[in-house]
2 protein chains.
Amino acid sequence: MKEYSILTAKEQKAYDFIVRYSKKYGKYPLLIEIAKGIDIKSKGVAHRYVKSLEKAGKISRFSNKHRGISIVEKKPIFLKSLGSIAAGGPIEAISDQQRIELEYLFTNKKSYALKVKGDSMIDAGIHDGDWVIIEESKKFYKSKVHVILIDNQDVTLKYIEKENSEEIKLIPANKSYKESTYPIERISIQGYVVGQVRIY
Amino acid sequence: MKEYSILTAKEQKAYDFIVRYSKKYGKYPLLIEIAKGIDIKSKGVAHRYVKSLEKAGKISRFSNKHRGISIVEKKPIFLKSLGSIAAGGPIEAISDQQRIELEYLFTNKKSYALKVKGDSMIDAGIHDGDWVIIEESKKFYKSKVHVILIDNQDVTLKYIEKENSEEIKLIPANKSYKESTYPIERISIQGYVVGQVRIY
DNA sequence: TCATATGAGAACTTTATGAGAACTTTATGA
DNA sequence: TCATAAAGTTCTCATAAAGTTCTCATATGA
């Protein structure tokens with residue numbers, strides 16, 4: 001029995017048929033119709049494919065019901081809007097535009113997430129235990145928080161400034177911490193923070 | 001058997017073929033197709049390369065499955081490991097468990113998102129422009145940040161304490177702001193903060 | 001010479017696919 | 001309600017194709 005979600009050729013064909021049928025007739029097909037639709041004669045075999053599709057999460061089924069199939073819609077990451085809560089307060093509902101922005105943050109192939117330890121960036125609103133979303137970059141920007149690899153060994157989150165042609169200054173966002181200066185060759189910029197997430 | 005991740009010439013050729021094939025056909029190749037693709041005749045040898053690629057972390061496999069190969073993306077949505085970046089720094093990689101937690105945060109049916117205006121909760125790490133994920137609740141908890149509707153009109157984010165049987169105290173997380181007390185009938189608790197997101 | 005990389009191909013195991021019988025459950029009409 | 005037809009479920013049997021493991025063999029460089 002299958003344990004993964006890659007479909008075989010026939011499973012894919014069966015799935016495609018179910019989608020086509022339901023769009024055309026507004027209802028889901030019988031097993032015997034699926035069998036005919038994928039050029040086989042046995043409804044038992046059709047049933048086997050239907051069970052595989054269920055296991056793969058492509059459809060859901062109501063056991064024993066006639067036409068007891070339904071297609072599973074993929075649910076994207078999205079957030080519901082505010083609904084009944086009145087506007088005008090210190091919070092506002094999220095627009096579709098912002099929703100897309102958020103979706104991008106989590107699906108962008110060039111970014112990855114790191115969990116923060118320590119509080120050296122607390123004044124930038126990045127707390128111990130938060131996650132930061134990093135976009136890869138070799139360059140640095142004055143206003144962004146960067147992921148920096150020091151001596152190919154230690155990783156840290158800091159603001160960056162160019163001290164002179166051979167040195168770089170790393171600036172924490174916490175008054176209890178000091179700035180530090182490193183020669184360029186000891187520093188490797190990994191990327192910068194594009195997002196931050198906290199789970200309570 | 002190999003213990004390191006440098007590919008031999010033929011392994012690289014096999015990997016390149018798999019990438020090309022999957023882009024061209026939208027599915028992964030059979031062993032015999034890989035063999036042909038790298039100019040050899042033995043599917044047994046192709047299998048040996050495929051196993052090496054798996055060991056090197058370039059692909060993953062579903063044993064015995066036809067076309068049971070898939071290419072490992074270097075940067076999945078939520079990074080599995082830090083790669084060359086050593087541990088011990090102030091950040092750490094995210095585990096699958098945490099990834100599920102995050103996914104839940106955004107797909108949970110009972111929660112919604114609000115955008116924060118103002119800085120009354122800044123000491124709790126909730127800044128102006130952040131989004132907070134709210135889980136609906138009529139009850140309140142001393143340690144949680146709540147969404148509160150006042151006089152059915154104004155919405156605010158505050159900590160809550162019970163002052164006495166008829167009054168409730170709303171506590172901001174910002175020393176510049178004062179606590180305020182309201183009679184219970186003017187207050188409606190909407191939910192509490194379970195997550196927070198910031199886009200830079 | 002020894003370890004490694006490479007290749008062929010046989011032998012074996014597992015998967016993918018199909019037919020269809022036998023049985024259970026559902027839908028439906030009298 | 002109840003009988004019956006229709007649909008869903010489970011099962012065995014079968015076969016081709018694909019994956020896996022293995023031995024044998026050659027070449028090459030340290």
Side-chain angles (χ1 to χ4, degrees), chain A residues 1-19 21-22 24-72, chain B residues 1-19 21-22 24-72:
Chain A
M1 185 53 73
K2 290 164 195 53
E3 299 294 339
Y4 39 82
S5 63
I6 294 174
L7 302 184
T8 67
K10 275 293 189 179
E11 286 167 357
Q12 185 66 53
K13 202 170 173 185
Y15 178 75
D16 292 343
F17 175 79
I18 292 167
V19 172
Y21 186 102
S22 68
K24 187 170 178 183
Y25 298 107
K27 59 187 178 185
Y28 292 101
L30 301 172
L31 288 178
I32 191 67
E33 292 172 326
I34 293 173
K36 191 165 285 184
I38 61 174
D39 303 311
I40 61 173
K41 292 171 188 171
S42 164
K43 64 176 180 174
V45 174
H47 182 256
R48 194 162 68 208
Y49 289 139
V50 163
K51 278 205 298 185
S52 293
L53 290 173
E54 183 186 29
K55 194 151 195 170
K58 305 290 284 186
I59 62 171
S60 62
R61 290 187 325 121
F62 304 96
S63 291
N64 293 309
K65 294 282 185 189
H66 298 186
R67 306 182 186 277
I69 296 174
S70 65
I71 292 173
V72 172
Chain B
M1 184 56 72
K2 288 164 197 53
E3 296 298 336
Y4 41 87
S5 63
I6 296 172
L7 301 185
T8 67
K10 275 293 189 178
E11 285 168 357
Q12 185 65 53
K13 201 171 173 185
Y15 177 75
D16 292 343
F17 175 79
I18 293 167
V19 172
Y21 185 103
S22 67
K24 185 170 179 183
Y25 298 106
K27 59 188 178 185
Y28 292 100
L30 303 172
L31 288 178
I32 190 67
E33 292 172 326
I34 294 172
K36 192 166 283 184
I38 62 174
D39 302 311
I40 61 174
K41 291 172 186 170
S42 164
K43 63 176 180 174
V45 175
H47 182 256
R48 192 203 286 150
Y49 289 139
V50 163
K51 278 204 299 185
S52 294
L53 289 174
E54 183 186 29
K55 193 150 197 170
K58 304 290 284 184
I59 63 171
S60 63
R61 290 188 326 121
F62 304 97
S63 290
N64 292 309
K65 278 285 295 176
H66 299 185
R67 307 182 187 277
I69 296 173
S70 65
I71 292 173
V72 173

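Heavy atoms only: backbone and side chains are in, while hydrogens, waters and symmetry mates are out. In what follows, every chain begins at residue 1, and chains take the letters A, B, ... in the order their sequences are listed.
Spacing between atom CG of Leu31(B) and atom P of dT13(C) amounts to 18 Å, rounded to whole angstrom units. In this entry the distance linking NE2 of His66(B) with C1' of dT13(C) reads 11 Å, nearest Å. In this structure, the NZ atom of Lys65(B) is 15 Å from the P atom of dT14(C), given to the nearest Å. Rounded to whole angstrom, the span from the CG atom of Asn64(B) across to the P atom of dT15(C) amounts to 5 Å. Rounded to whole Å, the distance from CD1 on Ile32(B) to P on dA16(D) is 18 Å. Rounding to whole angstrom units, OH of residue Tyr28(B) and P of dG19(D) are separated by 15 Å. Atom CZ of Phe62(A) is separated from atom P of dT25(C) by 19 Å (rounded to the nearest Å). Atom pair Lys27(A):NZ and dA7(D):P shows a separation of 11 Å (rounding to whole Å applied).
Between Ile18(A) and Pro29(A) the shortest side-chain heavy-atom distance falls below 4.5 Å. A 4.5 Å side-chain heavy-atom check between Ile71(A) and Lys58(A) finds every atom pair outside the cut-off.
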Taking only N/O atoms, report every protein-nucleotides 18-23 of chain C pair under 3.5 Å with atom names and distance.
{"from": "dG18(C)", "atom 1": "OP1", "to": "Lys10(A)", "atom 2": "NZ", "distance (Å)": "3.1"}
{"from": "dG18(C)", "atom 1": "OP2", "to": "Tyr49(A)", "atom 2": "OH", "distance (Å)": "2.9"}
{"from": "dG18(C)", "atom 1": "N7", "to": "Arg48(A)", "atom 2": "NH2", "distance (Å)": "2.7"}
{"from": "dA19(C)", "atom 1": "OP2", "to": "Lys41(A)", "atom 2": "N", "distance (Å)": "2.6"}
{"from": "dA19(C)", "atom 1": "OP2", "to": "Ser42(A)", "atom 2": "N", "distance (Å)": "3.4"}
{"from": "dG20(C)", "atom 1": "N7", "to": "Ser42(A)", "atom 2": "OG", "distance (Å)": "2.8"}

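In this structure, His47(B) reaches the dT20(D) phosphate: one of its side-chain N or O atoms is under 4.0 Å from OP1 or OP2. Contact between the side-chain N/O atoms of Thr8(B) and the OP1/OP2 oxygens of dT6(C) is found at a separation under 4.0 Å. For Arg61(A) and dT9(D), the shortest distance from a side-chain N or O to OP1 or OP2 is below 4.0 Å.
One finds a salt bridge joining Arg67(B) and Glu33(B) here, because a Lys/Arg side-chain nitrogen approaches an Asp/Glu carboxylate oxygen to under 4.0 Å.
Applying the Watson-Crick and G-U wobble criteria (two distances, each under 3.5 Å), dT24(C) pairs with dA7(D). Pair assignment for dG7(C): dC24(D), on the basis of Watson-Crick or G-U wobble contacts that are both within less than 3.5 Å. Pair assignment for dG29(C): dC2(D), on the basis of Watson-Crick or G-U wobble contacts that are both within less than 3.5 Å.
Between the side chain of Lys10(B) and the backbone N or O of Ile38(B), at least one donor-acceptor pair lies under 3.5 Å.
As judged by a 4.0 angstrom heavy-atom cut-off over every strand, Leu30(B) is placed among residues touching the sugar-phosphate backbone only.
In terms of heavy atoms, Ser42(A) sits closest to Ala35(A) at O-CB, 3.8 Å. Summarising the geometry of Glu11(A) relative to Thr8(A), their closest heavy-atom pair is OE1-N, 2.9 Å, with the distance given to 0.1 Å.
Enclosure of atom NZ in Lys36(A) is not indicated, since only 12 or fewer non-hydrogen atoms of other residues, nucleotides or ligands lie within 6.0 angstrom.
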